[in-house]
*Asks:* 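Supplied in structure tokens, the structure appears directly below.
The figures here come from the full heavy-atom set of this structure, side chains too, leaving out hydrogens, waters and symmetry mates. Proteins come first, then strands; the chains are lettered A, B, ... in the order of their sequence lines, and each starts at number 1.
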Number of protein chains: 2
Amino acid sequence: METTIKHIAQITKVSYATVSRALNNKKGVKAETRTLVLSAAKKLNYQPNAIARGLVKKETYSVGLVIPDITNPFFPEVARGIEDQANEAGYSIFLCNTNWEDSREIRSIRVLTEKRVDGIIIAPTASRLDFLEEILPRGIPVVFVSSAAKNSEHSSVVIDNILGGFLATNHLIEAGYRDIGFIGAPKDSLTLDERLEGYKMALRKHNLIINDDFIQLGDFRRETGYNIIKRMVGEGEYPRAVFAENDLLALGVIQGARELGLLVPEDVAVVGFDDIPFAAFPEIQLTTICQPKHDMGKIAFDLLLERMTDKESGIRKKRIILEPELVVRRSSC
Amino acid sequence: METTIKHIAQITKVSYATVSRALNNKKGVKAETRTLVLSAAKKLNYQPNAIARGLVKKETYSVGLVIPDITNPFFPEVARGIEDQANEAGYSIFLCNTNWEDSREIRSIRVLTEKRVDGIIIAPTASRLDFLEEILPRGIPVVFVSSAAKNSEHSSVVIDNILGGFLATNHLIEAGYRDIGFIGAPKDSLTLDERLEGYKMALRKHNLIINDDFIQLGDFRRETGYNIIKRMVGEGEYPRAVFAENDLLALGVIQGARELGLLVPEDVAVVGFDDIPFAAFPEIQLTTICQPKHDMGKIAFDLLLERMTDKESGIRKKRIILEPELVVRRSSC
DNA sequence: GTTTTTATTGTAAACGTTTACTATAATATT
DNA sequence: AATATTATAGTAAACGTTTACAATAAAAAC
């Protein structure tokens, strides 16, 4: 049977209040008895019960991380940043994949609150951000990462998606391309809106027309980029350059184009978004907009920690907007 | 303030035992009062406190997942398999990265047991597997994934690493290569031993000598493969084909070789291990040994669940050994 | 119309901690 | 030497559930 504080009290012949104090290095316990208790604890291989402690202290030192899909190479980097920082501060993280499903996102959040996590970090599934805000239990600290409603009452770390979209598109234009397509993920996505906005800004700045036929939406998977470019080329009219909303899509576009005998970047140039590790590979060399993923994770946890520890004192919510960075590689010049 | 079972009892004027029974759909509560309780619960937006429940029921419906690094593309797939299955069974998972550090591995395990997880899945940091067995708290179900001591008292899902090593090497030999190198990760790693064993088996089978200079160890990072091949080539004598212990290393080897002006596979052929998603990319086309990563995760959780639910009944530990599969792509022919 | 059975509810203890409060012993102050 | 102060230890309540057991009410059996 599991050894508890009471067992220690029994064999050391002190009250279990004293045992608790000794184990937690509280003041007001004689050095002598403390060592007595400590050695008994070690002998009995005592492991404090965090559940019991959590019940009385009302804090669990656990936080939830809700992301669409850890299999998408953007997220492991962010998750790692979060976990590293959490680990340092003594927190554990619950990982929840939503698989881009609203229902699973909602369920994850419910489970996390039932488990009384001290806070939640969410990389929201694209759609229904407003709805998400509604479902979120009040009182528990929440931080959004990667995408967040502007008017949210919660802290967030995001990248300047408009600027990112602009940088990508502007780069293509300055490299001499005129017919530039946009391939992105589902409607109602906030990042979509913003990156698309940046794309349009760049076109407008250079007095290029916006061709809606060249704006194609789907999801974030590589296959989707692959299918879309193939369809466009098949239909005869296709853009000479593509800005894809993430690197996976971009890689799909490249693959599709190549299979059709098109050269990248000569026949069609491609720019992605995220700068996942593989984008830098010599065989890939994808031009892309870099997001500081690990930092994003770190910052997200720091914001959460701020909220968690200073719950009462009126720490204002913060919105950290990170700078995107254009990384030019071979897929665009 | 948080609504509890007592508040519901108060406004419905039944005892809180009855409330508990009603909420948990236990038999022996009148339909009438049940709906009364349920509607009160909804009105008060009641969320059961899993911590309190965990304390009395002695189960938390949480499990720990301890892996070296979620950033290594092998692990997200496994993690996803685990989480999908866990999710289905109503469990949440704590994600712990050890960063290949023993100390962090040990700490993770301690924290998890303090949090009274119902079970732990470990993809062990390479070294000191025996030591790990020792540190593991007795009584709590554990499952090893991807690598496990043969004589472990715990269940495990692994791949037949010897066979994998054999398949890879044998393939290179049959493709006509004779000087075949092995690049692997740290000593004391069980997977290393086994894959190396398979490599040697294949060489012996074809009466090729084993050249210890062509067996180089480091870690699992791409840079390492890159550096090792560069050093070998720089020193003049290098293998015409390389079996790398994982895909990341293999990709590093390819990159290093190419930078030195060598053609892959003409001048040096490369085979990896894992079949991470990017290995299949048209630009990469890495020949490799495929591990069924998602399935591995699923099975790992199933084994754990078996252990967790049938704790008393003498469910024997199981060792599931999955079949590796050679996937031939362009890096080797 | 009793007695037996069954359905429903309530009481209280338990899970393993922390902590406010009280009690005692030891030491310092005068 | 009496009093005030401080250091140390103990008692008991609390955290929010579940559940064994007891109690009551209703229904069934006779």
Side-chain angles (χ1 to χ4, degrees), chain A residues 1-38 40-41 44-62 90 111 113-118 137 139-140, chain B residues 1-38 40-41 44-62 90 111 113-118 137 139-140:
Chain A
M1 211 207 3
E2 218 156 68
T3 69
T4 75
I5 245 180
K6 291 195 182 175
H7 299 139
I8 300 181
Q10 233 167 354
I11 73 165
T12 58
K13 298 196 187 317
V14 299
S15 74
Y16 53 91
T18 303
V19 174
S20 171
R21 281 186 288 251
L23 292 172
N24 292 293
N25 277 313
K26 293 257 169 88
K27 61 196 170 299
V29 28
K30 195 154 54 165
E32 201 177 329
T33 56
R34 163 167 296 138
T35 56
L36 178 67
V37 167
L38 257 37
L44 295 184
N45 191 24
Y46 170 73
Q47 307 238 203
N49 185 326
I51 296 295
R53 168 181 296 163
L55 186 58
V56 18
K57 308 247 313 192
K58 289 167 173 309
E59 53 181 1
T60 56
Y61 279 87
S62 303
V111 169
T113 61
E114 288 186 359
K115 295 205 167 162
R116 295 299 189 267
V117 293
D118 296 340
I140 173 169
Chain B
M1 211 205 5
E2 218 157 70
T3 70
T4 75
I5 245 178
K6 291 194 182 175
H7 299 139
I8 300 181
Q10 237 169 350
I11 74 165
T12 58
K13 301 197 185 314
V14 301
S15 73
Y16 53 91
T18 303
V19 174
S20 171
R21 281 186 287 251
L23 292 171
N24 292 294
N25 276 314
K26 292 258 169 88
K27 60 192 172 301
V29 28
K30 197 158 49 167
E32 200 177 333
T33 58
R34 164 168 296 138
T35 55
L36 178 68
V37 167
L38 256 36
L44 296 183
N45 192 23
Y46 170 73
Q47 308 240 204
N49 185 325
I51 296 295
R53 167 181 295 165
L55 185 58
V56 20
K57 307 249 312 194
K58 289 170 173 307
E59 52 181 0
T60 56
Y61 280 88
S62 303
V111 170
T113 62
E114 288 186 359
K115 295 204 167 163
R116 295 302 189 265
V117 292
D118 296 339
I140 173 170

*Asks:* Is it true that, when you exclude Y61(B) itself, more than 12 heavy atoms of the residues, nucleotides or ligands shown sit nearer than 6.0 Å to its OH?
*Replies:* no
*Asks:* Residues in side chain to side chain donor-acceptor pair (under 3.5 Å) with E2(A), at least two apart?
*Replies:* R116(B)
*Asks:* What nitrogen or oxygen pairs link the protein and nucleotides 6-9 of chain D at under 3.5 Å?
*Replies:*
residue: dA9(D); atom: OP2; partner: K30(A); partner atom: N; Å: 3.0
residue: dA9(D); atom: OP2; partner: T33(A); partner atom: OG1; Å: 3.1

*Asks:* Closest nucleotide of DNA chain C for A17(A) versus for K57(B): which of these residues is on the 5' side?
*Replies:* K57(B)
*Asks:* Indicate yes or no for a side-chain donor-acceptor contact from R21(A) to the backbone of R34(A) under 3.5 Å, with no hydrogens or angles considered.
*Replies:* no
*Asks:* Please list, for nucleotides 25-27 of chain D, all pairs of protein and nucleotide N/O atoms separated by less than 3.5 Å.
*Replies:*
none

*Asks:* I8(B) and L23(B): which non-hydrogen atoms are nearest, and at how many Å?
*Replies:* CD1-CD1, 4.5 Å
*Asks:* Look at all strands and tell whether K27(A) reaches a base, only sugar-phosphate, or nothing, counting heavy atoms closer than 4.0 Å.
*Replies:* nothing
*Asks:* Between dT19(D) atom C1' and N24(B) atom CG, what is the distance in whole Å?
*Replies:* 11 Å
*Asks:* Do S62(B) and K115(B) get their side chains close enough for a donor-acceptor pair, meaning under 3.5 Å?
*Replies:* no
*Asks:* Based on the rotation axes of five pairs at each end, what angle does the helix from dG1(C)-dC30(D) to dT30(C)-dA1(D) bend through, to 10°?
*Replies:* 50°
*Asks:* So, using side chain to side chain donor-acceptor pair (under 3.5 Å) as the criterion, who are the partners of R53(A) when residues are at least two apart?
*Replies:* N24(A)
*Asks:* Classify S20(B) by what it touches in the nucleic acid, base, sugar-phosphate, or nothing, heavy-atom distance under 4.0 Å.
*Replies:* base
*Asks:* Of all nucleotides in DNA chain C that come within under 4.0 Å of a heavy atom of chain A, which is furthest toward the 5' end and which toward the 3' end?
*Replies:* dG16(C) to dA20(C)
